[in-house]
Peer 1: 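Sharing a structure below in structure tokens format, with a few things to ask.
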Number of protein chains: 2
Amino acid sequence: MESSLTISIQDYLKHIYELTEGGENASTNALSERLNVKPASVTNMVQKLAAAQPALVEYQKHQGVTLTKEGRKAALEVIRHHRLLEAWLVQTLGYSWDEVHEEAERLEHVISEDFERRMAAAMGHPLRDPHGELIPTADLVMPLEDSTPLSALRPKQKAKIQCVKNADAELLRHLEGLGLLPGAQIVIVDYSSFDHNLTVKSGTKVSVLGLNITGKIFVDYLG
Amino acid sequence: MESSLTISIQDYLKHIYELTEGGENASTNALSERLNVKPASVTNMVQKLAAAQPALVEYQKHQGVTLTKEGRKAALEVIRHHRLLEAWLVQTLGYSWDEVHEEAERLEHVISEDFERRMAAAMGHPLRDPHGELIPTADLVMPLEDSTPLSALRPKQKAKIQCVKNADAELLRHLEGLGLLPGAQIVIVDYSSFDHNLTVKSGTKVSVLGLNITGKIFVDYLG
DNA sequence: AATACAATTTAGATTAGACTAAATTTATCG
DNA sequence: CGATAAATTTAGTCTAATCTAAATTGTATT
């Protein structure tokens, strides 16, 4: 659904960051998909980027891209903007968690550092955005995630939803309808495979099959 | 202080609108100054714009540009965004009136109509922005200005400041220091020429000479 | 009415970021 | 190990928005 004809450097950095979180390199193809740009264009841009900003980005032919420490900070800046914006739009303008993403996606590139500071201060420097995702700190460090994937829980166990990652708007609305927002307490009733069926809360069986699932749920284990 | 390398159509429309408020045409040169782009580039863009969007813009060689009714609406949309944003940033994030302009300038192009509606509703559909400028209505009509230029007042007369137009940040801070914000009650003590000296509030003589004045003050006449 | 100055336009060059098609490299698998 | 498929890169094209320099048009003044 992206539509801007030209992709900002910030977007390249953000997506490279997300693709390299696990330590791998970001491949041309993977970037191409996320940015809605043909692979050849990505190669081109990434080569230029690496030439122009060697302090941010490392590129080797056929090996994909990585970020330097500084590049990672630049990416975290954008992610911080995004998550603070999501939190703030929800708090002050009554956006629901499935609506904010798109808006934040456009605003994240144009707000000033001053704006960022004011939002953070106004909300008391929140640690997570409305989806429960961790917000990089003001000095651009990404806090360590301390939650467990929902799929690690077994029947009868209790947990609190902490974070719903990378979910599309449809899944978010579905989850919201079931009260499965970050903060909700759940009990695993019956668990077969997270990829297909998700059973939470005594008696509530949530079929996620059929939805085009892209999201992952993380929880705080309670016993 | 502008820095975006490429000017959006929205910016062209907005500045054409502002230049044509008095009924005149917007000249290539005038647009060129406001947009920080060379006159030749403006000619070029305006010709393309008029060819691509004849429903918005009318252009004739050596005669400058005007907006059609529809073009004016498109411009008012941007201006509405800008002024609502200014009001909202001041209200919710404690910006001062001299700081908001720049921020709103960048945000106005990327917020959604939904965002616009939410801001307006959250503030109770305000009529004026923090500088006192009228906010175009939701159906994109610019309300009629009912205030008087400060220069029309004579000594001993009382008035309430309603609007400070087109002032740069320096003048705004100066005015703020004197309590001359929109809403302030003033008494004309001594008036020679608004262009050079401005004397308001019993006993306070404000020399505006020496400031690089670009602003105009409008008031409600009180007697 | 002629000239001179300012504003505007034309023409042509430059840059950036995308695209397509073809070539190359890497990876996989019998 | 070699063949094929997939991923990546190269090469060349296109478009959009700017620029500079030169040509033109409009305007004001005498």
Peer 1: Provide, to the nearest angstrom, the distance between the CD atom belonging to Q47(A) and the P atom belonging to dA18(C).
Peer 2: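 Nearest whole value for this atom pair: 14 Å.
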Peer 1: How long is the line joining NZ of K48(A) and P of dT9(D), in whole Å?
Peer 2: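 Whole-Å distance recorded here is 15 Å.
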Peer 1: Would you mind classifying the nucleic acid contact of V42(A) as base, sugar-phosphate or nothing, using non-hydrogen atoms under 4.0 angstrom?
Peer 2: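 It contacts nothing in the nucleic acid.
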Peer 1: Could you check whether any side-chain N or O of R106(B) sits under 3.5 Å from a backbone N or O of V110(A), counting only pairs where one atom can act as donor and the other as acceptor?
Peer 2: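 Checking the backbone N and O of V110(A) against the side chain of R106(B), a donor-acceptor pair under 3.5 Å is found.
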Peer 1: Excluding sequence neighbours, so at least two apart, what forms side chain to side chain contact (heavy atoms under 4.5 Å, CB included) with P39(A)?
Peer 2: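 For P39(A), the residues satisfying side chain to side chain contact (heavy atoms under 4.5 Å, CB included) (neighbours in sequence not counted) are T28(A), N29(A), S32(A).
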Peer 1: For the pair made of CG in N44(A) and P in dG12(D), what is the distance, rounded to whole Å?
Peer 2: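 Result: 13 Å.
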Peer 1: For Q60(B) and dT9(C), what is the distance between atoms CD and P respectively, to the nearest whole Å?
Peer 2: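 From Q60(B) CD to dT9(C) P: 11 Å.
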Peer 1: Please check if any side-chain donor atom of D114(B) sits under 3.5 Å from a side-chain acceptor atom of S112(B), or the reverse.
Peer 2: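 No.
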Peer 1: Can you measure L49(B) atom CG to dT18(D) atom P for me and round it to whole angstrom units?
Peer 2: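 My rounded result for the distance is 11 Å.
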Peer 1: Nearest-Å distance, CG (L35(A)) to C1' (dA18(C))?
Peer 2: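 L35(A) atom CG is separated from dA18(C) atom C1' by 12 Å.
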Peer 1: Closest heavy-atom contact between K165(B) and C163(B)?
Peer 2: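 Distance-wise, the nearest heavy atoms are CG-SG, 3.5 Å.
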Peer 1: Starting from C1' on dC19(D), measure out to CD1 on I7(B) and report it in whole angstrom.
Peer 2: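 Taking atom C1' of dC19(D) as the reference, CD1 of I7(B) is at 13 Å.
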Peer 1: For residues 16-25 of chain B, which residue pairs pass the side-chain hydrogen bond (donor to acceptor under 3.5 Å, both in side chains) check, not counting sequence neighbours?
Peer 2: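 Applying side-chain hydrogen bond (donor to acceptor under 3.5 Å, both in side chains) to every pair that reaches into residues 16-25 of chain B, excluding sequence neighbours, yields E18(B)-R34(B).
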Peer 1: Show me the protein contacts with nucleotides 20-26 of chain C, counting only N or O atoms at under 3.5 Å.
Peer 2:
none

Peer 1: Side chains of E70(A) and T68(A): donor-acceptor distance under 3.5 Å anywhere?
Peer 2: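 Looking only at side-chain atoms, T68(A) and E70(A) do not form any donor-acceptor pair under 3.5 Å.
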Peer 1: Is there a side chain to side chain donor-acceptor pair (under 3.5 Å) between H15(B) and Q10(B)? Walk through the geometry before answering.
Peer 2: CA-CA 9 Å; H15(B) 284 106; Q10(B) 290 189 338; over 6 Å; no
Peer 1: Is the distance from OP1 or OP2 of dT9(D) to the nearest side-chain N or O of Y59(A) less than 4.0 Å?
Peer 2: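 For dT9(D), OP1 or OP2 has a side-chain N or O of Y59(A) closer than 4.0 Å.
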Peer 1: Any residue in residues 21-30 of chain A with a heavy atom nearer than 4.0 angstrom to DNA chain C? Just list them by number, or reply none.
Peer 2: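 Under 4.0 Å from DNA chain C: no residue of residues 21-30 of chain A.
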Peer 1: Compare the minimum distances between each of dA18(C), dT8(C), dA17(D) and the side chain of T43(B), then state the nucleotide with the smallest one.
Peer 2: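 For the T43(B) side chain, the nearest candidate turns out to be dT8(C).
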Peer 1: Using atom CE of M45(B) as one end and atom C1' of dA16(D) as the other, report the distance to the nearest whole Å.
Peer 2: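 Atom CE in M45(B) sits about 8 Å away from atom C1' in dA16(D).
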Peer 1: Pairs under 3.5 angstrom only: tabulate donor-acceptor contacts from the side chains of residues 45-57 of chain B to other protein residues two or more places apart or in another chain.
Peer 2:
from: Q47(B); atom 1: NE2; to: Y59(B); atom 2: OH; distance (Å): 3.4

Peer 1: For residues 83-96 of chain A, tabulate all N or O donor-acceptor pairs below 3.5 Å that involve a side-chain atom, not counting sequence neighbours.
Peer 2:
from: R83(A); atom 1: NH1; to: L134(A); atom 2: O; distance (Å): 2.7
from: E86(A); atom 1: OE1; to: H131(A); atom 2: ND1; distance (Å): 2.8
from: E86(A); atom 1: OE2; to: H82(A); atom 2: NE2; distance (Å): 2.9
from: E86(A); atom 1: OE2; to: H101(A); atom 2: ND1; distance (Å): 3.3
from: T92(A); atom 1: OG1; to: W88(A); atom 2: O; distance (Å): 2.9
from: Y95(A); atom 1: OH; to: E103(A); atom 2: OE1; distance (Å): 2.8
from: S96(A); atom 1: OG; to: D98(A); atom 2: OD1; distance (Å): 2.7
from: S96(A); atom 1: OG; to: E99(A); atom 2: OE1; distance (Å): 3.1

